[in-house]
Amino acid sequence: MALKRIIEEIGKKLNETKMGGNYLMEDYSIRVEKLKELVETADYILIGAGAGLSSSAGLEYSGKRFTDNFEEFIEKYGFQDMYSSMFFPFKSSEEKWAYFAKHVYINNIAMEGTYLYKKLFNLIKDKDYFVITTNTDDQFLKSGFEKERFFRTQGTYAKLQCSKACHNKLYDNEELILEMIERTDNELRIPSELVPKCPVCGEEMDLNLRKDHLFVEDLEWHEQNQRYNDFRENALGGNLLLLEFGIGFNTPIIIRFPFDDLTRSYENVNLARFNRSHLELTVQQNGNYYLLMEDELDKYLTSNIKERYIPFSEDIGTTLDKLM
């Protein structure tokens, strides 16, 4: 089944059954103690992180953080949030890059490692760990996580690529972004000479974010991917704990589905899923994906699956404090 259809079917089932907010869970304190023991006894820890983790860390794309930092753009364009603003049809590259520069600055360059990410690092730093994330804010790298134990699958705000992907090299953009911000005029435009051009083909550059088939996977991306695959293969030889944070059904094929597959397939794999809603496990049967509630797990999966799967809808930071 094509990925798009899979996601559509899952979305349909969520809407029909309204399972997202009704997942039955054990008492919070029991789940915390279970996870604390799993962290202590794990030989390997694999972290999977999505947008929900950065939102919990305070990197919201809407609300006060948005209105405080983008007042002039809101007034001129009527923007509602930082996410949708990235897809606005700007009339010129000078206007587009004035916004992109501010966006990159607020969400990456100006952001140091947040307290939540640092707490997570302190929890797992003495373990054999690895991180796979769809986030592009580089919070893991800014919070102490080792560069060699990190795979950012969807790119980073900190790099530029050719918009036509004519070659697979990426370019640091911090110096250029800072100059763009400094030289943005009252009409919210940068000087034309600051619009980045590809040094190979001359086309305009773009941020290295996965949004279509032109996303550039450079040598470092492939090295990260290989290290991730090597870690996962090696970790299956011991007690592996999967810690999943803030991942829904936008791009489930990257982290959520693989984590579910590992948990279902290996008795030595445990999964702790942190999400405000949609805490179900997915199971594949006859080419279809289904969402399983807590009281259905034993029916379709192994008898000990309830001991190996621990869902949390509670605050991530509060739970990490209790695990320390």
Side-chain angles (χ1 to χ4, degrees), residues 54 57-59 61 65-66 68-73 76-77 79 82-83 85-88 90-114 117-118 131 133-148 150-212 214-224:
S54 285
L59 278 69
Y61 273 28
R65 183 169 180 266
F66 171 60
D68 283 353
N69 289 290
F70 292 89
E71 181 179 0
E72 67 273 38
F73 291 94
K76 180 174 182 177
Y77 300 110
F79 289 164
M82 280 183 264
Y83 179 76
S85 301
M86 295 287 286
F87 302 95
F88 184 80
F90 293 95
K91 294 180 180 180
S92 69
S93 295
E94 289 78 4
E95 289 181 272
K96 180 185 75 172
W97 280 103
Y99 175 76
F100 279 13
K102 187 70 175 289
H103 184 103
V104 170
Y105 179 78
I106 293 297
N107 292 301
N108 192 305
I109 294 174
M111 283 299 303
E112 297 180 353
T114 57
Y117 276 85
K118 290 178 180 178
V131 174
T133 182
T134 55
N135 295 341
T136 58
D137 51 32
D138 293 334
Q139 275 293 304
F140 283 103
L141 296 180
K142 293 170 180 281
S143 302
F145 290 80
E146 297 178 34
K147 186 177 182 180
E148 291 72 23
F150 178 77
F151 181 24
R152 52 188 181 198
T153 65
Q154 306 296 72
T156 170
Y157 285 136
K159 300 286 186 178
L160 293 177
Q161 65 162 76
C162 174
S163 62
K164 302 301 182 182
C166 76
H167 65 297
N168 67 345
K169 183 178 179 180
L170 302 181
Y171 302 85
D172 294 335
N173 63 23
E174 180 173 341
E175 183 177 340
L176 177 61
I177 292 296
L178 293 176
E179 187 174 1
M180 285 180 178
I181 291 174
E182 182 180 354
R183 298 180 64 185
T184 296
D185 64 22
N186 293 331
E187 298 299 321
L188 300 182
R189 296 175 300 195
I190 65 167
S192 297
E193 64 265 24
L194 291 184
V195 175
K197 300 293 184 178
C198 175
V200 175
C201 71
E203 290 288 340
E204 188 171 324
M205 301 285 273
D206 202 352
L207 295 173
N208 180 232
L209 307 176
R210 188 186 296 277
K211 56 186 178 181
D212 54 32
L214 296 176
F215 174 73
V216 169
E217 299 172 354
D218 68 344
L219 177 61
E220 183 180 10
W221 189 97
H222 287 283
E223 290 174 345
Q224 290 178 359

task: Would you check if the distance from the ring center of Phe66 to the ring center of Tyr61 is below 6.0 Å?
output: no
task: Would you name the heavy atoms of Val131 and Phe145 that are closest together and state the gap between them?
output: CG2-CD2, 3.8 Å
- line: What one should report as the nearest heavy-atom pair of Cys198 and Met205 is CA-SD, 3.3 Å
query: Aromatic rings Trp221 and Phe151: how do their planes relate, parallel, tilted or perpendicular, breaks at 30° and 60°?
result: perpendicular
- prompt: Is there a donor-acceptor contact under 3.5 Å from the side chain of Asn208 to the main chain of Val216?
  reply: yes
- prompt: Does Glu187 offer a backbone N or O that forms a donor-acceptor pair with the side chain of Lys76 under 3.5 Å?
  reply: yes
task: Say whether, by atom type as modelled, one donor and one acceptor occur between the side chain of Lys102 and the main chain of Asn69 under 3.5 angstrom.
output: yes
message: Tell me whether Gln224 contacts the main-chain N or O of Arg152 through its side chain, where contact means a donor paired with an acceptor under 3.5 Å.
response: yes
field: Side-chain heavy atoms of Trp97 within contact of Thr184, under 4.5 Å
entry: no
Check against side chain to side chain donor-acceptor pair (under 3.5 Å), Glu204 and Ser93: CA-CA 9 Å; Glu204 188 171 324; Ser93 295; 2.6 Å; yes
statement: Residues Thr114 and Gln139: closest non-hydrogen pair is N-OE1, 2.8 Å
- request: Mind running salt bridge (Lys or Arg N to Asp or Glu O under 4.0 Å) on Lys118 and Glu112 for me, showing each step along the way?
  value: CA-CA 10 Å; Lys118 290 178 180 178; Glu112 297 180 353; 5.4 Å; no
message: Determine whether Asp172 and Lys159 satisfy the following criterion, side-chain contact (heavy atoms from CB on, under 4.5 Å), listing intermediate values before the conclusion.
response: CA-CA 5 Å; Asp172 294 335; Lys159 300 286 186 178; 2.4 Å; yes
message: Run Asp138 and Lys142 through salt bridge (Lys or Arg N to Asp or Glu O under 4.0 Å) and show every step you take.
response: CA-CA 6 Å; Asp138 293 334; Lys142 293 170 180 281; over 6 Å; no
Worked verdict on Asn107 versus Arg65 for side-chain contact (heavy atoms from CB on, under 4.5 Å): CA-CA 10 Å; Asn107 292 301; Arg65 183 169 180 266; 3.0 Å; yes
- prompt: What are the two closest non-hydrogen atoms of Asp137 and Ser54, and how far apart are they?
  reply: OD2-OG, 2.6 Å
Parallel, tilted or perpendicular, as decided by the 30° and 60° cut-offs, for the rings of Phe79 and Phe73: parallel
query: Between CD of Glu94 and CZ of Arg183, what distance do you get to the nearest 0.5 Å?
result: 12.0 Å
message: Looking at Phe88, I'd like to know if its CZ atom is crowded, meaning that more than 12 non-hydrogen atoms belonging to other residues, nucleotides or ligands lie closer than 6.0 Å.
response: yes
- prompt: Is a side-chain N or O of Asn173 found less than 3.5 angstrom from the main chain of Ile177, in a donor-acceptor match?
  reply: no
- prompt: Where the side chain of Asn108 meets the backbone of Val104, is there a donor-acceptor pair that is under 3.5 Å apart?
  reply: no
- request: Taking Ser92 for its side chain and Glu95 for its backbone only, find out whether a donor-acceptor pair lies under 3.5 Å.
  value: yes
- line: From the list Phe87, Tyr77, Phe70, Tyr105, ring pair (Phe, Tyr, Trp, His ring centres under 6.0 Å) partner of Tyr99 resolves to Phe70
message: How close do Lys197 and Gly202 get, counting heavy atoms only, and between which atoms?
response: CD-O, 3.7 Å
Side chain Gln161, main chain Asp218, donor-acceptor under 3.5 Å: no
